Number of protein chains: 2
Amino acid sequence: MADPEFQPDPAVVKRSAPTVEDVARAAGVSTATVSRCLNMPAKVGEATRTRVLKVVAELGYSPNFGARALAAKRTRTIGAIVPTMENAIFARGLQAFQEELGLHGYTLLVASSSYSPEREADQIRTLVARGADALLLIGFDRAPAITEWLEARAVPHVIAWAYDADAKALSVGFDNREAMRALASEVFARGHRRVAVLTAPIAQNDRARERLAGVRAAAAEAGLDPDTLRVVETPYSFDNGAAQMDLLMGDTPRPTAVICGNDILAAGAIAAARAKGLRVPGDVSVTGFDDIEIARVLDPLLTTVHVPHRDMGRACARDLIDILENGTHPASTELRTEVMLRGSLGPPAD
Amino acid sequence: MADPEFQPDPAVVKRSAPTVEDVARAAGVSTATVSRCLNMPAKVGEATRTRVLKVVAELGYSPNFGARALAAKRTRTIGAIVPTMENAIFARGLQAFQEELGLHGYTLLVASSSYSPEREADQIRTLVARGADALLLIGFDRAPAITEWLEARAVPHVIAWAYDADAKALSVGFDNREAMRALASEVFARGHRRVAVLTAPIAQNDRARERLAGVRAAAAEAGLDPDTLRVVETPYSFDNGAAQMDLLMGDTPRPTAVICGNDILAAGAIAAARAKGLRVPGDVSVTGFDDIEIARVLDPLLTTVHVPHRDMGRACARDLIDILENGTHPASTELRTEVMLRGSLGPPAD
DNA sequence: TTGTATGCGTTATCAT
DNA sequence: ATGATAACGCATACAA
């Protein structure tokens, strides 16, 4: 097939991507100058810079990622590990996080843990091995070993969705306990005494645990024994919410209010109540947490806690970039939440 | 502060991460063998392999990402560019995509275009520059220049959310036109004649355009002049859906059915109809597209088109990995959609 | 301001 | 099966 006599045109045979060297040669400068033009343009003479950049554009030069990472020891890539992107709250937070990163020339590496600490630890190591310069993590609950690993490797990281001023790690979030306490207080204030809590498994989830603690605190304030609260744990999903609600509504006597750990569980709960012929809030009140779109679409509208997911994502990005570029040590940020009183919460039936 | 006499313990002063060389020395083999143990364990003797891997574990060695990328010319990282992660359909697809990638040792790099072709082109270049071995893109609509660029650089990529057997590019998706035609046929079959379409801007969005074409096709089949359809374009969001629905419901005569380009617009439309005191479907029918969670929560339940988002994400991952690892040329995959007839669609009021 | 020279940690080719 | 060694392409300390 190939003609042995054939002499390829050098201008055409050049298959591989251009390198600094190609640019340097074409621009009549050294590779160092080319590199400088791209990374510290201020330190290069006006004339040479424009000349070099022109050549860069002409050749369609783009620095080799591996070489750059190897030499510079950084990738301008930041990792995020969330329980799942399917939950709108994490998707929303990630979106804002990514947008802010993009504004500063950083790229987002994503992994999900499916709420498993072991998988999260794996993902942490994987993303760092993949060159992540810093990480966004959700919540504080994780094995000490992986936290120590992060510290030992000096991997900048921020904890989102939770706030703890005393923690060693940087966090950007809100006080899950207090937010839920404020909401639960409204429930008890309306006279509810038989109250159930539908929560995600609290074992390795500090946010869920804190929220439950918030309900207990509100119960105590209302003069109730927190141990009389009916607590049901189930993974976050519409169907689980519905299934557990179905069981709860079979109890005698029936709870007059069900406080859910998030809006998705609450949506499932309301659907299940309806399916059983119960009115909300006439027969049973239901509350959520997060204030995602679904809360404004449910019938009745869902009483819930509004969380500034986008602000959280943005703030995380800013902190991480600040650490990376300026070596600072930002203080943790506490974001404000707000109880949204809507139709799904009413007085008890009896 | 520092004691000038202090002699640091060499075992402690070793700050930087261990390299192949460290492992090789400790295991009494060459760096080549260490590399082989990690990358092609089959080509190494049983005994040496276990010995080397033991040392790897002891030292906590992890190959340097930049060096590996530079030498191997690949990163085992795959990029995805979606319009936005806030839309549950993309979040769900991405989640499945990422899970499948993870199963095969690949990591996901994410960017969003905000439905802007220019931003998407930027992101494509950025992700490739960041070392993405392959890309997942949404839909076919993009400037020829960037498509050519992808071809020229031989960047493996898959188009999701759309299917075109004749296109040069690999695609994994469904026939948006036919799916919407099937749904719209149900609407016309119920006798609706004054029908409005609430769609995303169709300018640079082939999915939206195809869906609109599907409605037109169904109208024609029903003996209607497609040009009598009232078409309203608005960016995908609950509030936009509500606002445009509010305007539509002010028309005289009022449309008896509103076909929406996705479930979020439909949710907004139903809320707006309600707010205006109109019953759905009594006064006006509403349909969506996607069949996300919200469709099962709305009152009435939303008639929509079910799309296998997770299957799509998974299939995209498999194809890309197949290309990368085996150099194959997978054929495009057409996925099945299904019309979900639910309460929001009824006969016309008059 | 610009150039020179070296190191970065792997992978892969080619011997052995 | 294993070892020696040459790329890989860039950033940067140091010189000029």
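In what follows, every chain begins at residue 1, and chains take the letters A, B, ... in the order their sequences are listed. Predicted model, so just to flag it, every value in this text is computed and none were measured. Atom set for the values below is all heavy atoms of this structure, side chains included, hydrogens, waters and symmetry mates excluded.
- Counting only heavy atoms from C-beta on, A:K73 has its side chain closest to C:dC8 among C:dT4, C:dT10, C:dC8.
- Atom CG in B:D22 sits roughly 13 Å away from atom C1' in C:dT10 (whole-Å rounding).
- Nearest nucleotide to the B:A32 side chain, out of D:dA4, C:dT11, C:dT10: D:dA4.
- Using a 4.0 Å heavy-atom criterion, one finds that B:T33 contacts the sugar-phosphate atoms exclusively.
- Around atom CD of B:E118, more than 12 heavy atoms belonging to other residues, nucleotides or ligands sit under 6.0 Å away.
- Not one side-chain nitrogen or oxygen of A:R36 sits closer than 4.0 Å to the OP1 or OP2 atom of C:dT1.
- At whole-Å resolution of the value, CZ in A:R25 and P in D:dG9 are 12 Å apart.
- Within 4.0 Å of A:V34, counting heavy atoms only, lies no atom of the nucleic acid at all.
- Atom CD in B:E21 sits roughly 12 Å away from atom P in D:dT5 (whole-Å rounding).
- We find that CG of A:N64 is positioned 18 Å from P of C:dC8, with the value rounded to whole Å.
- Here the side chain of A:S30 is nearest to one of C:dT4, C:dT11, D:dC10, namely C:dT4.
- Nearer to the 5' terminus of DNA chain C, by closest-nucleotide assignment, is the contact made by B:G66 (compared with the other of B:G66 and B:M40).
- When the nucleotides D:dT2, C:dG3, D:dA11 are ranked by their closest atom to the side chain of A:V29, C:dG3 comes out on top.
- Using a cut-off of 4.0 Å between Lys/Arg side-chain N and Asp/Glu carboxylate O, A:R76 and A:E325 are scored as salt-bridged.
- Atom CZ of B:R51 is separated from atom C1' of D:dT2 by 11 Å (rounded to the nearest Å).
- The interatomic distance linking B:K43 (NZ) with C:dA12 (P) rounds to 12 Å, in whole Å.
- Formation of a donor-acceptor pair under 3.5 Å by the B:Q98 side chain with backbone atoms of A:S112 is found in this model.
- When the P atom of D:dA11 is taken as reference, atom CZ of A:R74 falls 10 Å away, rounded to whole Å.
- Residue whose closest nucleotide on DNA chain D sits further toward the 5' end, between B:A67 and B:G45: B:G45.
- Between B:P156 and B:L324, the closest side-chain pair of non-hydrogen atoms falls below 4.5 Å.
- Listed candidates were D:dA11, D:dG3, C:dT10. Nearest to the side chain of B:T19 is C:dT10.
- Taking the six-membered ring where the residue is Trp, the centroids of B:F65 and A:F65 are separated by under 6.0 Å.
- Residue contacts shown for B:Y61 are limited to sugar-phosphate atoms, with no base heavy atom under 4.0 Å away.
- Of all nucleotides listed (D:dG9, D:dT2, C:dT2), C:dT2 comes nearest to the side chain of A:T48.
- At whole-Å resolution of the value, CG in A:L70 and P in D:dC8 are 14 Å apart.
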